[in-house]
Amino acid sequence: MSDAPTPAADSPAHRYTGALAQEIEARWQDHWDAERTFEAPNPTGPLGDPTAVAGRPKKFILDMFPYPSGAGLHMGHPLGFTATDMYARYQRATGYNVLYTMGFDAFGLPAEQYAVQTGTHPRITTEANVANIRRQLRRLGLSHDPRRSIDTTDPDYYRWTQWIFLQIFNAWFDPEQKKARRIHELEAEFDSGLRTALTGDWAAMSPAERRRELDQWRLAYVSDAPVNWCPGLGTVVANEEVTADGRSDRGNFPVFKRNMRQWMMRITTYADRLIDDLELLDWTDALKSMQRNWIGRSEGATVHFESHAGRITVFTTRPDTLFGATFMVLAPEHPLVDSLTTPEQADAIAAYRTKAAAEDDFQRQNDSREKTGVFTGSYATNPMNGQQIPVWIADYVLMGYGTGAIMAVPCGDQRDFDFARKFSLPIAAIQDPTDGRGTDTSTWADAFVGDAPYVNSANDTLDLNGVASVADAKSRTNTWLSEHGHGAATITYKLRDWLFSRQRYWGEPFPIVYDENDSPHALPTPSLPVLLPDTDQFSPRTFDPDDAMSNPESPLDRLGDWVWVEADLGDGVKRYRRDTNVMPQWAGSCWYELRYLDPTNADAFVDPENEAYWMGPQGDSRSGGADLYVGGVEHAVLHLLYSRFWHKVLFDLGHVSSVEPFHKLFNQGYILAAAYQDERGIYVDAFGVQESNGTYTFEGKLVTREYGKMGKSLKNAIAPDEVCAEYGADTLRLYLMAMGPLDASRPWENKDIVGVYRFLQRVWRNIVEEDTGATRLLPEPASDETLRVLHRTIAGVREELDNLRFNTAIAKLIEFNNHLTKLGGCPADVADALVVLLAPMAPHMAEELWARLGHTSSITFAAFPVADPAMLVADTVEYPVQINGKVRSRITVAADAAADDVQAIAMADEKVQAALGGQAPKKVIVVPGRMVNIVA
RNA sequence: GCCCGAGUGGCGGAAUGGCAGACGCAGCGGACUCAAAAUCCGCCGUUCGAAAGGACAUGUGGGUUCGAGUCCCACCUCGGGCACCA
């Protein structure tokens, strides 16, 4: 970090150097704070100023808020934050009331782990880290409304996180209305007989039994089900936090499937709406498809196969191939396996099940693809044709998906085909493949998938033979299945319910206590927040990472005084046991954008009027939600899925008017940087590496270069503070944005920073006399040419900023300034426009120049210039003249010349005549204002 | 294996189907200077040519079109997501 040109001793006193930039920046940052420049008024409530809001359109511009790491901001943060700040400042200058602020996602593992190591309470570390990051953010000149900043660990904030949890706890999903409703409405339906209880006769139930019935319906519920137990972390984790190879995404420890009593959230009931409402959102297709993939909706049918042990139900996406089902396969854990297994097969089945149980889900999926399985000895009836087909078990069928059982159609499914070949099971052709391989499956090399006429697919009441399309055959089969009671069209999802409890310390306590029957009770709203109790034992009990049979032990379990409480929850004062779990880190980030709207409201998490103003559906946003949300793609499923779910519950319960939290979402790229490994593969300090003739050495030893995400682990991180100290924040902002488009990952190059630094120096020099510091403007009015360049720049910059193309917006400003430089300075009558155009990008310099140009109020609300259309059209246009697509000449023609005239002038051109050699052209294409192409 | 996204100078990157390489870095030349730095002016895809000018150029191969970096098909490479999901 020493590539900045060191100013020579005789450098002019008022040159825009890193030192001057910092002096200017600190001064304006103080000024903005003192003047409360960026405070955005609300329609109502503590931050309300109805007259200031009246008649102004709004923009809600949002960043994914950071975790306050002890290392401070990394370069990826300013990348996104600078983009939103430029956009926010631009929108303010075009008349919008802009809500733009920043909070901290401050619960979570790192602070807790640090506490375990050092004994420092996580609150202390968190507060220090937040203070440091606030300082860094301020230094970048981000135009946040400081009053709206939140911290998820603040009791005044997590009080509402707990409150929302209770809203979800006290809600159920009505499958008919497809929405969440309050639990007392369910109770009323049971009372009136409108709905029947699942566990018995409601009227005859005891209060405890009724409570248990209701608990089964809640959107937040305690369940004893397979969860991801991570002994290395000492806690359970959500499906979304487990990597493909079965390890925790934090810490990279093994994760085991274990049955445990844990809090779950019924996100699966929202699967359809979470998929369908993606249509309303302005998100990239890539992101939408990641969400769709994760939810994994697949449409098909459930089909019942009868056996002596009872009905075996399968899920299939290809009911049309039922006639080709020649065997069945159950997951080894399937409950019917015991009763299906014949005495002769009992030993083989038991051995296989033992082997399968010893392997966890992830090993099973990772191991070789060679099919294994064992015959149960029993047969089931194919409902289509009455055929008796053998029932096998095999570990390629997973208990956790569909029904844990499949019908095998080897002619149409490659896995079933492989299995049939391995165990010599019959393969019946039910389509005549279009690739000419014929219907003798003994000659097939693989399964056939696709549209082809059906054969051998008829019974007395259903005839698919001759049907040519899969879709058609599916729908006929589905109809037949339900008419004959053999099954029904069904949709299944990959998405599982969300595991919501963690056995950690640094998180939100659950506002829940248990009675003597172990039934959960919500604590009343006035008792919120349930404060996280103090302790000096922050760690859960952790275990050997491979000890699958260990049991979680939360830090809160140890606090006996805290765990037991006396309360009157309606049945008189009784003793209750507190829930000792904490919420996952995602809880606080599920709704923080809503708290920004009304951060100091003591009566509600957000006032409905404020929510409707900032986030309600309006204009072309039917979903409502933040107008712009910028952040990393690593949250594509986790945070974005969870917060959409919470938002929809709040919507259903009438607390918010927006259907979705984030209307437009933009994923920024990563900052990459060169990283170097020595011959052992260990990363070396990237800033100590020497380059010569394309080879790289570190301390004399050869190292290899690669590019990777900038960060501590690759030893190639540069802190934003370093760049601010060397060049100033305005230069850093411009560099980050000028490097390339916001969504692209790009390598950081120290040597390139100087490009935008020189640009700022040239702007400065065009307005300020470097030796004296006096303003120096050209007295004569701007020429027609200069005005045209200016207006083209205005139009261009607006266009680029509207579309978040900051790199090209900056390029256009550079072009305009280069034009001024060639004039020898800035004509006095265009100086204001230049500075206002620059203001969103380099706000400190712009404020400084604005003041020096004689303005007394902040440039923040100075109107962004509007291009005069008359200045955008030229008098004359230069047309390239192509012959057969190659440019052979150029002609200059009046801008309003008719196409015929342009053609005549082009044909008369010497070079064109020479190239044509007297031949008449076959065809001439004139594109008005663009070009001429002559086809010879 | 499936689903996305991307391949353009030495480098980062620009280009509503219409002059490929805006802008910046690096490099080269010039002015200023005793000199250097800084600044300002100019050049800067490859190749043939003294020049004028020509040929070739947007991962590869086809196609559509008067015209393709851009649209279509196939393939290659890289990045990301999912993965025995029935």
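Note that this is a predicted model, so its numbers are computed, not measured. Lettering of chains follows the sequences in order, A, B, ..., and the numbering in each one begins at 1.
Geometric assessment of A:Arg644 against the ring of A:Trp283 yields a positive cation-pi assignment under the 6.0 Å and 45° thresholds. Judged by the 6.0 Å distance and 45° axis criteria, A:Lys371 is not positioned over the aromatic ring of A:Phe423.
If you check distances only, the side chain of A:Asn933 does reach the base of B:C66 with a donor-acceptor pair under 3.5 Å. Residue-to-nucleotide contacts include no donor-acceptor pair under 3.5 Å from the side chain of A:Arg930 to the base of B:C19.
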Solution key, residues 733-743 of chain A side-chain donor-acceptor pairs under 3.5 Å, sequence neighbours excluded:
{"unit_1": "A:Arg733", "atom_1": "NE", "unit_2": "A:Met841", "atom_2": "O", "d": "3.0"}
{"unit_1": "A:Arg733", "atom_1": "NH1", "unit_2": "A:Asp85", "atom_2": "OD2", "d": "2.8"}
{"unit_1": "A:Arg733", "atom_1": "NH1", "unit_2": "A:Leu140", "atom_2": "O", "d": "3.1"}
{"unit_1": "A:Arg733", "atom_1": "NH1", "unit_2": "A:Gly141", "atom_2": "O", "d": "3.4"}
{"unit_1": "A:Arg733", "atom_1": "NH2", "unit_2": "A:Asp85", "atom_2": "OD2", "d": "2.7"}
{"unit_1": "A:Arg733", "atom_1": "NH2", "unit_2": "A:Pro840", "atom_2": "O", "d": "2.9"}
{"unit_1": "A:Tyr735", "atom_1": "OH", "unit_2": "A:Glu749", "atom_2": "N", "d": "3.0"}
{"unit_1": "A:Tyr735", "atom_1": "OH", "unit_2": "A:Glu749", "atom_2": "O", "d": "3.3"}

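Base pairing of B:C75 is made with B:G59, judged by Watson-Crick or G-U wobble geometry with both donor-acceptor distances under 3.5 Å. Within the shown strands, B:C82 is the pairing partner of B:G1 under the Watson-Crick or G-U definition, both distances less than 3.5 Å.
Taking the C1' atoms as reference points, B:A86 lies 30 Å from B:G79, given to the whole Å. Between B:A14 and B:A6, the distance separating the two P atoms is 12 Å to the nearest Å. Rounded to a whole angstrom, the distance from the C1' atom of B:G13 to that of B:U8 is 9 Å. A gap of 42 Å separates the C1' atoms of B:G53 and B:G5, to the nearest Å. Atom C1' of B:A15 sits at a distance of 26 Å from the matching atom of B:G54, rounded to the whole Å.
Taking the syn range as angles within 90° of 0, the glycosidic angle of B:G10 is outside it, so the base is anti.
In the set B:C84, B:G81, B:C19, the nucleotide with an atom closest to the side chain of A:Asp395 is B:C84. In the set B:C66, B:A22, B:A86, the nucleotide with an atom closest to the side chain of A:Glu815 is B:A22. Across B:C23, B:U39, B:A86, the shortest atom-to-atom separation from the side chain of A:Arg758 is found for B:U39. Comparing B:C66, B:A38, B:C84 by their closest approach to the side chain of A:Tyr396 singles out B:C84.
A:Thr477 and A:Asp320 share no side-chain donor-acceptor pair at under 3.5 Å. A:Tyr757 and A:Glu726 share no donor-acceptor pair across their side chains, judged by distance under 3.5 Å alone. Donor-acceptor pairing under 3.5 Å is lacking for the side chains of A:Asn716 and A:Tyr676.
Counting non-hydrogen atoms under 4.0 angstrom, A:Asp413 reaches nothing in the nucleic acid. Looking at heavy-atom distances under 4.0 Å, A:Met290 makes contact with sugar-phosphate atoms alone, never a base. Residue A:Val935 is in sugar-phosphate contact alone, with no base atom involved, counting any heavy-atom pair closer than 4.0 Å across all strands shown.
Note on A:Arg888: a side-chain N or O is less than 4.0 Å away from OP1 or OP2 of B:G54.
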B/S/- along nucleotides 8-15 of chain B (protein heavy atoms under 4.0 Å) is ----SSS-
Could you run down the sub-3.5 Å N/O contacts of the protein with nucleotides 40-42 of chain B?
{"unit_1": "B:C40", "atom_1": "OP1", "unit_2": "A:Arg765", "atom_2": "NH1", "d": "3.4"}

